Amino acid sequence: MILKQFKELQEFLSKPQKVVIIGHKNPDGDAIGSTLGLKHYLDKKGHKTQVLMPNEYPEFLHWIPGSETVYRFDRQNNQCVKALRKSTLGFLLDFNALHRVGSDMQNTLEKYENDFALIDHHQQPDDFTYMYSDTSMSSTCQMVYNFIEMMGDLDLIDENIATCLYTGIMTDTGSFRFRSTTSTTHRIIADLIDKGAENDKIHSNVNDSNTYSRLLLLGQALTNLEILPEYKTAFITLTEAEKQRYNYEKGDTEGIVNYALSLKGIVFGVIFIEDEEQGIVKISFRSKGTFSVNQFARNYFDGGGHDNAAGGRSELSLQDTVAKFKSLLPEYKNELVSSYEV
Ligand code: 5GP
Ligand code: MN
């Protein structure tokens, strides 16, 4: 764990500040939950806060308390720039380096004149003035809970804060099943329920919001699934045309990669999604056990993340990206085969 200048930050926050709270590009449940959870907490402490996101986030996260107050850098650029200019402190949540907000917002953030405080659980964080970085944590939401505890303020956690933090812990742990889920995670979750998080509603809001066309897109993805048993690997592809055929909307492909990993005996699951607008193939990597997809994504696909969940991209065509991927596997055969013993 890296805990840098915490006492100074606590001292700084003992007076009312204007705080911007920033999440990463293509925000997920942990990014939305942690930024809004922290916002509700800091508001209660008497600060003025504004959450900034680089771009839109999936419909199934719009119900989260405070969601309507978020500014999007790609849509509300002026408001974002103004909020940054007026602010006295910037929190960076659920990402480890400024490039994770996308190049436009990165350029703006690089000119920021005040201090940044990072709270994040990704590997290899960049250096900021205040830092709370811990890669063993299930989620940034769990770290925001710890941060509130370190500030001596657990009793300030109300229904809104609890709901936000519950959501991010739930989504980042695959509903409390990944290895990063510890007994402490469960204790925190229990406390969040005691403080007002309605767990059944949160699960339902996030998971039971499928449209018929999204299920058909999932069907297409599963039809495209390819299994490479000798490498304990399975991967899925989706072309732009397939996405359009099923009225693709942001968030529709979220979680599909887990179907590859749900196959018995598979330890490495990947999804390649053609993105014509950006001119790239967006890739999600998931693994079980010791095979590090963070390292794999960093080495070959301009990405990163965690040991068992990472993302990346490729500027090759979908076909060439898959060919490149397949050509890399023989080198990792031993690592893959011994990655996870049931
Ligand atoms: P996902 O596959 O769900 O997009 O991302 C899985 C994990 O990898 C998340 O924790 C996400 O923050 C991280 N991640 C996704 N894409 C990238 C990327 O391009 N670069 C880095 N460094 N991390 C990424
Ligand atoms: Mn996270």
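For ligands, and for the atoms within them, numbers begin at 1 and follow the listed sequence. Computed from a prediction, not measured in an experiment: that's the story for all the values here.
Taking every non-hydrogen atom of G304 and a distance limit under 4.0 Å, the qualifying atoms of ligand 1 come out as 8 (O), 13 (C), 14 (N), 17 (C), 20 (N), 21 (C), 22 (N), 23 (N), 24 (C). Heavy-atom proximity to G303, at under 4.0 Å, picks out these atoms of ligand 1: 18 (C), 19 (O), 20 (N), 21 (C), 22 (N). Close approach of ligand 1 to H122 is summarised as follows: ligand atoms under 4.0 Å from at least one heavy atom of the residue are 9 (C), 10 (O), 11 (C), 12 (O). Near H306, the atoms of ligand 1 lying under 4.0 angstrom from a non-hydrogen atom of the residue are 10 (O). The ligand atoms of ligand 1 that sit less than 4.0 angstrom from a heavy atom of S284 are 1 (P), 2 (O), 4 (O).
Residue R313 does not touch ligand 1, judged by heavy-atom distances below 4.0 Å. Only side-chain heavy atoms of R286 come within less than 4.0 Å of ligand 1; its backbone N, CA, C and O stay farther off. Here R298 has no heavy atoms under 4.0 Å from ligand 1, in either its backbone or its side chain. Under 4.0 Å from ligand 1, the heavy atoms of K282 that appear belong solely to its side chain.
In the hydrophobic clustering of this structure, M131 does not group with F6; members are Ile, Leu, Val, Met, Phe, Trp, Tyr whose side-chain heavy atoms approach within less than 4.5 Å, directly or through other members. Both L84 and M105 are assigned to one and the same hydrophobic cluster, defined by single-linkage of ILVMFWY side chains at heavy-atom distances under 4.5 Å.
A donor-acceptor pair is defined here as one N or O able to donate and one able to accept, closer than 3.5 Å; no such pair exists between the side chain of N114 and the backbone of G90. Formation of a donor-acceptor pair under 3.5 Å by the N294 side chain with backbone atoms of G304 is not found in this model.
Across every non-hydrogen atom of F128 and K4, the tightest pair is O-NZ, 2.8 Å. Between H62 and P58 the shortest heavy-atom distance is CD2-O, 3.2 Å. Contact between L36 and G66 at its shortest, heavy atoms only, is CD2-O, 3.6 Å.
Side-chain contact check for Y41 versus T49: every heavy-atom pair is 4.5 Å or farther apart.
In this structure, K324 forms a cation-pi arrangement with F301, its terminal cationic atom sitting closer than 6.0 Å to the ring centre and no more than 45° off the ring axis.
Ion pairing between R100 and D94 fails under the 4.0 Å rule for side-chain N and carboxylate O.
For F285 and Y300, the ring centers sit 6.0 Å or farther from each other.
Annotation: I283 places no N or O atom under 3.5 Å from an N or O atom of ligand 1; distance criterion only.
Classification of the F296-F325 ring pair by plane angle, with boundaries at 30° and 60°, yields perpendicular.
Shown are the protein N/O/S atoms under 2.8 Å from the Mn ion (ligand 2), given by residue and atom: D30 OD2, D94 OD1, H121 NE2, D172 OD2.
If you check which protein heavy atom lies closest to atom 7 (C) of ligand 1, you get A309 O, 3.6 Å. The protein atom (non-hydrogen) at minimum distance from atom 11 (C) of ligand 1 is R100 NH2, 3.5 Å.
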